[in-house]
Each structure stands twice: as structure tokens, then as C-alpha cells.
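Since the structure comes first, as C-alpha cells, the remarks are kept for the end.
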Amino acid sequence: MNLIPADTRVLRTWPMGESSMIVAMLSREQGVLRAVVKGARDPKKRIRALLDPGTALTVQLYLKKSGLHLVKELSARGRLPLVSRDLSSLALRMAALELVLITSREEGALEGLYELLEDYLGVYETEGPPPWLAFFSFEAHLLLLHGLLPSLELCGVCGEEIGEGSLRFMTASASFVCRSCHGDGIDLAPAEGDCLVSLLREGPGAQLGREVEPSLRKKLGRLLHHALGMHLPSYRLPRSLDLIRSQAPGKKEDA
């Protein structure tokens, strides 16, 4: 076993035995790691408070060639995440952590993923409205890092330039198309298309404090959901978003 230091973000935890926990973490160099934290559930210790999802940790980690790794020491890196008073904001933070876990392989780091998550979680260092645009930017950049983002310049059907004006996103192929190619899809007006481009150009952190109209929020949510579902085989809609749906019983909302 090799003992290494690592800066990580907690993604999820599971109980193990009577007093230990398994923690899934994202690190810059090793990617997603699953490790045992012995005694983490012992009520006499304060380790458990450091293992909440989203917490930034510095760990001393025994890396094993197979199976679960082992955390020897851990400490908080910076201050602990703010406890959001808004259920939607909490759900969006949890959803990003869930997306990292379900779309990452535990065989090495995806270049830029750690920095993307750090940028996104920085949005939560201050209280504010639900960061929908930051979350959509996170999703779009996740596709970009995997090399799977549909082109905004070339038609996904005929390969011709899309040109300026309204964008149409084809849900069947999860691609943008030109005006000559028809079919069921999601139409984005010029201003709405500009908003989508800005999500890619500026990143999640730059969306801090920006709000989005409910109609555009639903369009962008559907669009990115289709794109992720079509292009990332391991993708599924984050269960954390069910918290948002629970706020409006009987109403189905696209996230």
C-alpha cells in the first residue's frame, strides 16, 4: 500500500459495520476514490461531521491495488459547507455530486473534473437564490469534458453550418440542427441560445447571483437531460432532484 496526501471533495458515504463508513471522494490526481474511514460513526468522535457531501478534505490515504482504500488521517480544508435554507439549492448541490459519482470511472482522473466541481461548489459559499444557471453550466461542462457536447455550429443531421438565429435541439438525436432539417425538438430563441453559449463560455462560478425565467429553465433542463442521457451511457437523472418535485405535490417539473 502507498500512503499519499490528497485534496478531495466528499461525494457520498455509506455505513460499514458497527462504527466505520465508506466514503466516495473526488481528487484531482486519482479521480473518484472509495475508501474506509474507521470509527467514523463512533459518537465519541467528530469525524462524522467532516464527511457530509460536498465537504473539502485533506486526507492521508493508503492506496490499495484492489478493493477499498483506507483513510489514515483527514481534516477539513477551508470552512465547512453552508447549510442551505433553500431546498432547491440543497438539491442542486447534491445533484452535481451525484452526477460526478455516476458518470466517473474509478480508473483514473478525468482532466478538469476536479476543477469543475470546485468551481461549482464555490457558488454555495454564500447564500442566494437556487443556482439553476450554475447547475446547467456544470452539466454542459461535464459533457464538454467527456468530449460529448453536441456542436452548436454544425448541424447534427446534415453537417452544414447552423448559422445565426434560433437554435433547434433535436431530442431524438440529442443534437442541434439547422433550419433545413426538421423534426420534433426544443426551440431556443436567439437570446435563449446566447444564454446557453454563455454557460459554456464562462463556467458555473460566473453564474453566481444570476437568475433564469422558469420557461427557459425548463427548456435548458430538458435539453441537457436529453443530451446527457443520449451521450453518457452511465447517466441517469439525479435522484436529488426529486426533492424539488416534492415541493409541488401532484405537479411534474422538468429539471
Determine whether [X] and [Y] make a side-chain contact, defined as any pair of heavy atoms from C-beta on separated by less than 4.5 Å.
{"X": "P53", "Y": "M94", "value": "yes"}
{"X": "R48", "Y": "T13", "value": "yes"}
{"X": "L237", "Y": "L228", "value": "no"}
{"X": "P5", "Y": "T58", "value": "no"}
{"X": "R217", "Y": "F136", "value": "yes"}
{"X": "I47", "Y": "M21", "value": "no"}
{"X": "C178", "Y": "C158", "value": "yes"}
{"X": "L199", "Y": "L220", "value": "yes"}

Distance in Å, [X] [atom1] paired with [Y] [atom2], rounded so as to fall on 0.5 Å steps:
{"X": "L3", "Y": "K72", "atom1": "CG", "atom2": "NZ", "answer": "5.5 Å"}
{"X": "I244", "Y": "S88", "atom1": "CD1", "atom2": "OG", "answer": "4.5 Å"}
{"X": "L200", "Y": "E202", "atom1": "CG", "atom2": "CD", "answer": "10.5 Å"}
{"X": "L110", "Y": "R105", "atom1": "CG", "atom2": "CZ", "answer": "10.5 Å"}
{"X": "L113", "Y": "R9", "atom1": "CG", "atom2": "CZ", "answer": "12.5 Å"}
{"X": "L117", "Y": "L11", "atom1": "CG", "atom2": "CG", "answer": "7.0 Å"}

Tell me the closest heavy-atom pair linking [X] and [Y], and the distance in Å.
{"X": "G193", "Y": "L188", "answer": "N-CB, 4.1 Å"}
{"X": "S27", "Y": "A6", "answer": "CB-CB, 4.5 Å"}
{"X": "R41", "Y": "S20", "answer": "CD-O, 3.0 Å"}
{"X": "A140", "Y": "L149", "answer": "O-CD1, 3.9 Å"}
{"X": "D52", "Y": "V10", "answer": "O-CB, 3.6 Å"}
{"X": "I162", "Y": "C155", "answer": "CG1-N, 3.6 Å"}

Cluster overlap [X] with [Y], hydrophobic side-chain contacts below 4.5 Å:
{"X": "L143", "Y": "L196", "result": "yes"}
{"X": "L26", "Y": "L68", "result": "yes"}
{"X": "M230", "Y": "V177", "result": "no"}
{"X": "M170", "Y": "L152", "result": "no"}
{"X": "L154", "Y": "L148", "result": "no"}

Is it true that E115 and R28 have a side-chain N and a carboxylate O under 4.0 angstrom from each other?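 Looking at R28 together with E115, the answer is yes, because their closest N to O distance falls below 4.0 Å.
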Does atom CD (E29) have a neighbourhood of more than 12 heavy atoms from anything else shown, all under 6.0 Å?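 Above 12, so yes.
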Under 3.5 Å: donor-acceptor pair, side chain of [X], backbone of [Y]:
{"X": "E98", "Y": "S240", "result": "yes"}
{"X": "Y124", "Y": "R93", "result": "yes"}
{"X": "H69", "Y": "V36", "result": "no"}
{"X": "K219", "Y": "D187", "result": "yes"}
{"X": "D119", "Y": "G205", "result": "yes"}
{"X": "R77", "Y": "T8", "result": "yes"}
{"X": "S234", "Y": "I102", "result": "yes"}

Dump the intermediate steps for side-chain contact (heavy atoms from CB on, under 4.5 Å) on L92 and L241, then the final yes or no. CA-CA 7 Å; L92 292 175; L241 297 180; 3.9 Å; yes
Set out, in order, the CA-CA distance, both residues' side-chain angles and the distance that settles side-chain contact (heavy atoms from CB on, under 4.5 Å) for L97 and L121, then state yes or no. CA-CA 9 Å; L97 299 173; L121 293 179; 4.2 Å; yes
Yes or no on side-chain contact (heavy atoms from CB on, under 4.5 Å) for V157 and S180, after CA distance, side-chain angles and deciding distance? CA-CA 10 Å; V157 175; S180 301; over 6 Å; no
State, without any angle test, whether Q207 and S137 hold a side-chain donor-acceptor pair at a distance under 3.5 Å.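 Note: Q207 and S137 side chains miss the donor-acceptor criterion.
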Apply the side-chain contact (heavy atoms from CB on, under 4.5 Å) test between L74 and each candidate in T55, L51, V23; give the one that qualifies.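 With L74 as partner, T55, L51, V23 yield a single side-chain contact (heavy atoms from CB on, under 4.5 Å), made by L51.
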Return the orientation label for the Y120 and F138 ring planes: parallel under 30°, perpendicular over 60°, tilted otherwise.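 Taking F138 first and then Y120, their aromatic rings sit tilted (interplane angle of 30° to 60°).
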Step by step, work out the side-chain contact (heavy atoms from CB on, under 4.5 Å) result for I186 and K218. CA-CA 10 Å; I186 301 170; K218 291 182 179 181; over 6 Å; no
